[in-house]
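Input: a single structure, listed below in structure tokens.
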Protein chains: 2
Amino acid sequence: MISTTIENYIKAIFYLGETATNVTVSAVAERMQNSPASVSDMLRRLYEKGLIEDKNNITLTDQGSFLAKQIIRKHRLWETFLVKTLDFKWDEVHSIAEQLEHVQSSLLTERLARFLEYPETDPHGDPIPDKDGNFPDLSIIPLSESEPGKSYIFRSVATDAKDFLNHLDNKGLQLGQRWVIIEKEEFDGSVKLLVDDKNEVYLSEKVAKNLNICSGELD
Amino acid sequence: MISTTIENYIKAIFYLGETATNVTVSAVAERMQNSPASVSDMLRRLYEKGLIEDKNNITLTDQGSFLAKQIIRKHRLWETFLVKTLDFKWDEVHSIAEQLEHVQSSLLTERLARFLEYPETDPHGDPIPDKDGNFPDLSIIPLSESEPGKSYIFRSVATDAKDFLNHLDNKGLQLGQRWVIIEKEEFDGSVKLLVDDKNEVYLSEKVAKNLNICSGELD
DNA sequence: ATAAAATTTTAGACTAATCTAAATATTAAA
DNA sequence: TTTAATATTTAGATTAGTCTAAAATTTTAT
């Protein structure tokens, strides 16, 4: 009934809806690597299936949104399985999970979740919705309250002053990155991080107070 | 390049080739639940892709045969995973494995095999080919040499006398069934079995000597 | 407020995989 | 060996998902 292709469109629209204010045909086309013409055509079909609210306002219906969250749940559970159980590295698993997320069996999904002991986040630190589509609320703290040696995910910024964002850009810092705290200087509150297992970055307390993180342990 | 649909055709031809002397269009159509016209059309495409030898003689090329065995390997490994790791029952897993067998990542397949400790048979007792496409040779013994309490798979018959096969049919015995030995009578060599967790069957030594089984433990 | 630019939709075509109905070829039987 | 039955192929359609090119619409800027 719902093809893999449709599932991928719904997922793309869900993700775009999380960041962009209004989702556009061209944004979906860009993300799906398809022509705008194909997207326009597909949106008609999604509307006919009751998955989006309107042809002009690309917003998921409750049904569409639930479907998206189910797919995201499966994707993130499988990524967790690949890393924790099959010893994949966390940056190797995406394309395999893109295939596994379309396997249809709610019993399988629930058994997998149970086997993994109901994880709240995947290996990238992204939250895993439960079977009803509810995301766990990960406790968000400023980087200044992090603990040395622990691993976190960079989640949000407390201010969007242009020069501040520029500063982050210069340091190569981006949302979703895994940050491991190498050390914290008691004296001035400065922090030294390892970003995505690659680069070391030093940050002042002033900056650290404005970066929000959540726990992202790999176990 | 190779679609899921094509993989399913190749698998069907492989299975039919194992039993039938010559594979026919209508046999493939029957198995795939498609019209003979569709099969005829598809065979042309399989030939163009170098997966079957000839349009008139439906036999897999080396490439086609290797592909079939890879799919069977994945199917049986996933079934084993579902039963041993996720606690599915062995008769619940087929349709899920039908989906998982098409996931493409040889690294995934090998990691899964390693995690399962390189099983030789799946939960139905069917042999799992290795990554080069070689099937393990399961040691086949007559039922008369089975051990009470153990689980076996009914693999072959030592004679195909019509009245003997009729006798098996009357008792509801079929190739591939799981047989658990309930008891063996030392006195006359008769055997009492539990067939597929359902029916109890009594067999004389004369019959037991002509039924070949192999080990089919579930661990 | 209108022209230019950007975005979206429509029209028409293509491919893979399927179908039914008709034509052809093969096998079996009288 | 010729006919009857069975099996296979071809022809023509259909559906999902895609494309390019052109038309229509909306947005932005002067």
Side-chain angles (χ1 to χ4, degrees), chain A residues 1-17 19-60 63-64 67-68 71 98-99 101-104, chain B residues 1-17 19-60 63-64 67-68 71 98-99 101-104:
Chain A
M1 194 75 272
I2 303 274
S3 67
T4 294
T5 307
I6 288 182
E7 290 195 344
N8 285 330
Y9 271 95
I10 294 301
K11 195 170 48 135
I13 294 168
F14 183 89
Y15 279 127
L16 289 169
T19 46
T21 355
N22 62 331
V23 179
T24 63
V25 170
S26 37
V28 177
E30 165 76 34
R31 197 181 168 101
M32 298 287 297
Q33 300 275 65
N34 280 342
S35 71
S38 306
V39 173
S40 182
D41 214 44
M42 177 56 89
L43 291 177
R44 189 180 36 74
R45 292 196 285 263
L46 297 182
Y47 176 68
E48 282 163 9
K49 286 188 187 292
L51 296 169
I52 60 173
E53 290 288 0
D54 201 310
K55 273 230 56 185
N56 304 323
N57 170 25
I58 308 175
T59 312
L60 296 175
Q63 193 201 335
L67 176 58
I71 301 163
E98 291 270 290
Q99 298 177 67
E101 73 189 4
H102 301 293
V103 172
Q104 302 209 275
Chain B
M1 193 75 274
I2 304 274
S3 66
T4 294
T5 307
I6 288 182
E7 290 195 344
N8 285 330
Y9 272 95
I10 294 301
K11 196 170 48 134
I13 293 169
F14 182 89
Y15 280 127
L16 289 170
T19 46
T21 354
N22 63 331
V23 180
T24 62
V25 169
S26 37
V28 177
E30 166 75 34
R31 199 182 167 99
M32 299 286 298
Q33 301 275 66
N34 281 341
S35 71
S38 307
V39 172
S40 184
D41 214 43
M42 177 55 90
L43 291 176
R44 187 180 37 72
R45 292 196 285 264
L46 297 182
Y47 176 68
E48 282 164 7
K49 286 188 189 290
L51 296 170
I52 60 174
E53 290 289 359
D54 202 309
K55 273 232 53 186
N56 304 324
N57 169 26
I58 307 175
T59 312
L60 295 175
Q63 193 201 336
L67 175 58
I71 301 163
E98 291 270 290
Q99 298 177 66
E101 73 189 5
H102 300 294
V103 172
Q104 302 211 272

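Naming convention: chains lettered A, B, ... in sequence-line order (proteins, then strands); numbering from 1 in each chain. If you're wondering where the values come from, they're calculated on a predicted model, not measured in any experiment.
Taking the side chain of T24(A) as heavy atoms from C-beta on, and the options dC19(D), dT8(C), dG17(D), the nearest nucleotide is dT8(C). When each of dT20(C), dT8(D), dC19(D) is scored by its nearest atom to the side-chain atoms of A37(B), the top-ranked nucleotide is dT20(C). The listed nucleotides are dT8(C), dA17(C), dT18(D); the one nearest the side chain of T5(A) is dT18(D). Comparing dA7(D), dG17(D), dT18(C) by their nearest atom to the side chain of I6(A) picks out dG17(D).
Residues L43(B) and I13(B) form a side-chain contact, since some pair of their non-hydrogen atoms from C-beta on lies under 4.5 Å apart. In this structure, H102(A) and H102(B) have side chains that are not in contact, with every pair of non-hydrogen atoms separated by 4.5 Å or more.
Contact annotation: Y9(B) does not reach the phosphate of dA16(C) (side-chain N/O to OP1 or OP2, under 4.0 Å). Phosphate proximity of dA16(D) to R45(A): absent, as no side-chain N or O sits under 4.0 Å from OP1 or OP2. For S40(B) and dT10(D), the shortest distance from a side-chain N or O to OP1 or OP2 is not below 4.0 Å. Phosphate contact (OP1/OP2 of dA6(C), side-chain N/O of S26(A), threshold under 4.0 Å): absent.
Sparse packing is recorded around CD of E30(A), with 12 or fewer heavy atoms of other residues, nucleotides or ligands lying under 6.0 Å away. More than 12 non-hydrogen atoms from other residues, nucleotides or ligands lie less than 6.0 angstrom from CZ of F14(A).
Rounded to whole Å, the distance from CG on N8(B) to P on dA16(C) is 17 Å. One atom, CG of N34(A), and another, P of dT9(C), lie 15 Å apart when rounded to the nearest Å. The distance between atom CE of M42(A) and atom C1' of dC19(D), rounded to the nearest whole Å, is 14 Å. The CE-C1' distance, from M32(B) to dC19(C), rounds to 15 Å in whole Å. Computed from coordinates, the I2(B) CD1 to dT15(C) C1' distance equals 16 Å when rounded to whole Å. Atom-to-atom, OH of Y47(B) to P of dT9(D) comes out at 14 Å; the value is rounded to the nearest Å. Atom pair N57(A):CG and dT26(D):C1' shows a separation of 16 Å (rounding to whole Å applied). Put simply, CG on D41(B) is 11 Å from P on dA16(C), counting in whole angstrom units.
Across all their heavy atoms, E7(B) and Q104(B) have their closest contact at OE2-NE2, 3.6 Å. Contact detail for Y9(B) and L46(B): the closest heavy-atom pair is CB-CD1, 4.2 Å. Listed here is the closest heavy atom pair of A68(A) and L60(A): CB-CD1, 4.1 Å.
Across all strands, S35(B) comes closer than 4.0 Å to base atoms (heavy-atom distances). Among the heavy atoms of the strands, none lies under 4.0 Å from R44(B). Within 4.0 Å (heavy atoms only), S38(A) reaches at least one base atom of the nucleic acid.
Of the charged side-chain nitrogens involved, at least one lies within less than 4.0 Å of a carboxylate oxygen, so that R44(A) and E48(A) count as a salt-bridged pair.
Relative to the axis of its first five pairs, the axis of the last five pairs of the helix from dA1(C)-dT30(D) to dA30(C)-dT1(D) sits at 10°, rounded to 10 degrees.
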